[in-house]
Asker: 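Below is a structure I'd like to ask you about.
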Amino acid sequence: MIKTFSKIIIFIFIVSTLYIMRDDIISFINVKKVEIIKSEYDAKTKETVSSDGTLVDLKKVVDTPGALRSTSIFNLSKNGYLTDAGIISETNNERAKGNLTRLTENPKLNLSAQKKVEDMFAKQYFEHVSPSGVGVSDLGQQVGYEYIIIGENLALGNFKDDKAVLQAWMASPGHRANIMNANYTEIGVYAAKGMFEGKETWLAVQHFGTPQSLCPKIDTLLKSTIQADQIRLKSIQADLSRKLKNVNSNTIVDGKTHDEQVTEYNILVNKYNILVAKSKSNINTYNKQVRAFNACVEEKQ
């Protein structure tokens, strides 16, 4: 009987102690719950920061040999006349001599070449890059030409005909390399006469290109989605940091109890982790596309 009474006394003591310490016990359980999820959140944060820097860059090539200013009296004539079609024809004649495929005329490259000639006359310069910093790659983008490789040849002088300007370019190693580049598939040309440095003269521009359509397609919309998700992740990170601070303060915030704050925090952590997984998957998919594209570019350089 005494033993039974002792057991009852001990039981009552334990129950009373647990009741008195109930708030501390609940707080301990909640804090441990937050800490466990927080550790997962921290790991995901590091992974996201790492993944955010893994987007592979597209490879593009720009070839621009020095601008050609003709001084040879054998190539010059006050009555000379240049034509876009004739320069393209003479270019393909030279390529044929080297057993290279003919270049296809591309209207967008014609337009970018025209922009270059008109800009050089307007701003009175003769360089591959304009005074405002615009080069052939910029011109290609302005006319909507999506390229793997793009190149430019410039010529200034009163050449007697289309063949003469081609002979001058072919005599220059850098310009010849563009004309005889086996990796180019398209061409655009523009030639015009105007006032340059106080004298009437011809300016001729060749734009060479290899379009992106010859290589595996890249989903540019996917990259935009990735970038948008990264911005969203950073916003959620800031929100999580604020909520965790409130949870650790163990006080009522915005009318929400500690338990409610923990629940809200954990829901947001789960949302964050789902977005991290989605972003990582998208990055991997995009990078595979870009690597395939870059491998194709290397083959065509």
Side-chain angles (χ1 to χ4, degrees), residues 59-76 80 82-84 86-106 108-110 112-121 123-131 133-141 143 145 147-192 196-197 201-211 297-301:
K59 288 185 178 179
K60 293 185 178 182
V61 180
V62 179
D63 290 325
T64 53
L68 178 68
R69 188 187 294 251
S70 180
T71 57
S72 172
I73 60 173
F74 300 106
N75 287 331
L76 303 180
L82 303 180
T83 67
D84 304 341
I87 291 174
I88 291 175
S89 178
E90 291 295 336
T91 299
N92 279 325
N93 288 343
E94 293 296 337
R95 288 177 66 87
K97 294 176 184 178
N99 295 318
L100 299 174
T101 57
R102 294 177 63 84
L103 298 175
T104 302
E105 184 176 359
N106 185 292
K108 290 182 178 179
L109 289 176
N110 283 339
S112 63
Q114 179 181 345
K115 282 178 169 288
K116 181 65 176 180
V117 169
E118 292 174 347
D119 194 55
M120 286 192 293
F121 274 131
K123 297 176 182 175
Q124 293 292 289
Y125 71 95
F126 186 57
E127 301 289 343
H128 287 291
V129 179
S130 74
V134 175
V136 62
S137 59
D138 303 301
L139 293 171
Q141 292 176 359
V143 301
Y145 186 74
Y147 65 89
I148 297 170
I149 313 172
I150 195 168
E152 179 180 76
N153 279 352
L154 307 179
L156 181 151
N158 285 315
F159 300 90
K160 59 184 179 181
D161 53 28
D162 302 323
K163 188 171 184 177
V165 72
L166 254 296
Q167 288 176 341
W169 272 327
M170 290 295 288
S172 167
H175 297 86
R176 177 187 176 89
N178 263 346
I179 293 170
M180 303 301 286
N181 189 333
N183 295 318
Y184 285 132
T185 61
E186 298 179 334
I187 188 173
V189 170
Y190 191 76
F196 188 83
E197 296 178 345
T201 188
W202 283 87
L203 279 174
V205 173
Q206 288 177 310
H207 277 178
F208 305 92
T210 303
V297 171
E298 289 179 359
E299 292 177 359
K300 297 183 180 301
Q301 289 180 8

Asker: Can you tell me how far apart CD1 (I187) and CD1 (I87) are? Round to the nearest 0.5 Å.
Answerer: 8.5 Å
Asker: Testing V189, V136, N178 one by one against N153 for a side chain to side chain contact (heavy atoms under 4.5 Å, CB included), which residue passes?
Answerer: N178
Asker: Minimum heavy-atom separation for T210 to Y184, with atom names?
Answerer: OG1-CA, 3.4 Å
Asker: What is the minimum heavy-atom distance between E152 and F208, and which atoms define it?
Answerer: N-CD1, 4.4 Å
Asker: Test D84 against E105 for side-chain contact (heavy atoms from CB on, under 4.5 Å), laying out the working first.
Answerer: CA-CA 10 Å; D84 304 341; E105 184 176 359; 5.8 Å; no
Asker: In Å and rounded to the nearest 0.5 Å, what is the CG to CD distance from D161 to E90?
Answerer: 7.5 Å
Asker: Any chance you could measure L103, atom CG, to I88, atom CD1, to the nearest 0.5 Å?
Answerer: 9.0 Å
Asker: Looking only at heavy atoms, which two atoms of Y145 and P211 are closest? And how far apart?
Answerer: OH-N, 3.5 Å
Asker: Is a side-chain donor or acceptor of D119 paired with a backbone partner of K116 at a separation under 3.5 angstrom?
Answerer: no
Asker: Rounded to the nearest 0.5 Å, what's the gap from CD1 on I179 to CE on M170? Could you check?
Answerer: 5.5 Å
Asker: Atom NZ in K97, atom CG in N92: separation rounded to 0.5 Å?
Answerer: 12.0 Å
Asker: Please report the interatomic distance NZ(K115) to NE2(H207), rounded to the nearest 0.5 Å.
Answerer: 11.5 Å
Asker: With a 3.5 Å distance limit and no angle check, can you tell me whether W169 reaches the backbone of L154 through a side-chain donor-acceptor pair?
Answerer: yes
Asker: Taking the side chain as every heavy atom from C-beta outward, state whether E118 and Y190 have any atom pair closer than 4.5 Å.
Answerer: yes
Asker: Quick one: does R95's side chain have a donor or acceptor within less than 3.5 Å of a partner on T101's backbone?
Answerer: yes
Asker: Locate the shortest heavy-atom distance separating L82 from A191; write the atom from each residue and the value.
Answerer: CB-CB, 3.9 Å
Asker: So T185 and T104, do their side chains get closer than 4.5 Å, heavy atoms only?
Answerer: no
Asker: So, for F196 and F121, which heavy atoms are closest and what is the spacing to 0.1 Å?
Answerer: CB-CE2, 4.1 Å
Asker: Has S89 got a side-chain atom pairing as donor or acceptor with G86's backbone, closer than 3.5 angstrom?
Answerer: no
Asker: How far apart are the closest heavy atoms of A192 and V117, and which atoms are they?
Answerer: CB-CG1, 4.0 Å
Asker: Report yes or no: does Q124 contribute a side-chain atom to a donor-acceptor pair with the main-chain N or O of E197 at less than 3.5 Å?
Answerer: yes
Asker: Applying side chain to side chain donor-acceptor pair (under 3.5 Å), can you list everything that pairs with N106, at least two apart in sequence or on another chain?
Answerer: E186
